[in-house]
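This report concerns only the one structure given below.
Small disclaimer: the values here were computed from a predicted structure and weren't measured. Counting starts at 1 for both ligands and their atoms, in listed order.
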Amino acid sequence: MSLKVNLRHLEEDAVHLKGELPAAELDLGVSDELIHLGKPLRYDLSVELMHDAILATGSLLLPLECECGRCLKKFKTELKLTGWAVHLPLEGEDKVSVENDCVDLTPFVREDMLLNFPQHPLCKPDCAGLKKKSSASKAEAAEKPASDVWAELNKLKIK
Ligand SMILES: [Zn+2]
């Protein structure tokens, strides 16, 4: 599957593009140790021919496997662009390149994915980072009620 749209088809009617693009083909070129790309980009776009331009709108979703920049926990997230839109002129200085009647949307998807790429992945916005003494004692306090429950259960067993 590729993110190409044929102008001849567009002349007849709007085209719906839905599918997956391998991460390798998206080729984001990011070298962040904390963010791993493996899963394909999922796209669901509708493309129509305007006057002298192509308009593509829809949603893009790229699953990411991250490591939290503070606590190093692995977590999954996704880069999601809903209401994504790109307007590509077919005339003039900024006109989009057309090859065999086809326009490749991949570079525009790549660009917007990069613009929205997470800079400092965190497992949660208020991640406290690696456990320090103060947070460890907090965790102990939180465990107390649980151990009380076990004590109660043990009492029941004895009966
Ligand atoms: Zn974290």
Handout entry: Side-chain touch Thr82/Ser59, heavy atoms, less than 4.5 angstrom
Key = yes

Handout entry: Leu61 backbone acceptor or donor facing Arg42 side chain under 3.5 Å
Key = no

Handout entry: Side-chain donor/acceptor of Glu99 to backbone N/O of Ser97, under 3.5 Å
Key = no

Fill in the blank from the handout: What lies under 2.8 Å from the Zn ion (ligand 1), restricted to protein N/O/S atoms, is Cys68 SG, Cys71 SG, Cys123 SG, Cys127 SG

Exercise for the section: For Arg70 and Cys127, indicate whether the former's side chain and the latter's backbone hold a donor-acceptor pair under 3.5 Å. Expected result: yes

Handout entry: Side chains of His9 and Asp101, donor plus acceptor under 3.5 Å
Key = no

Handout entry: Hydrophobic cluster membership, Leu122 vs Ile35, 4.5 Å side-chain cutoff
Key = no

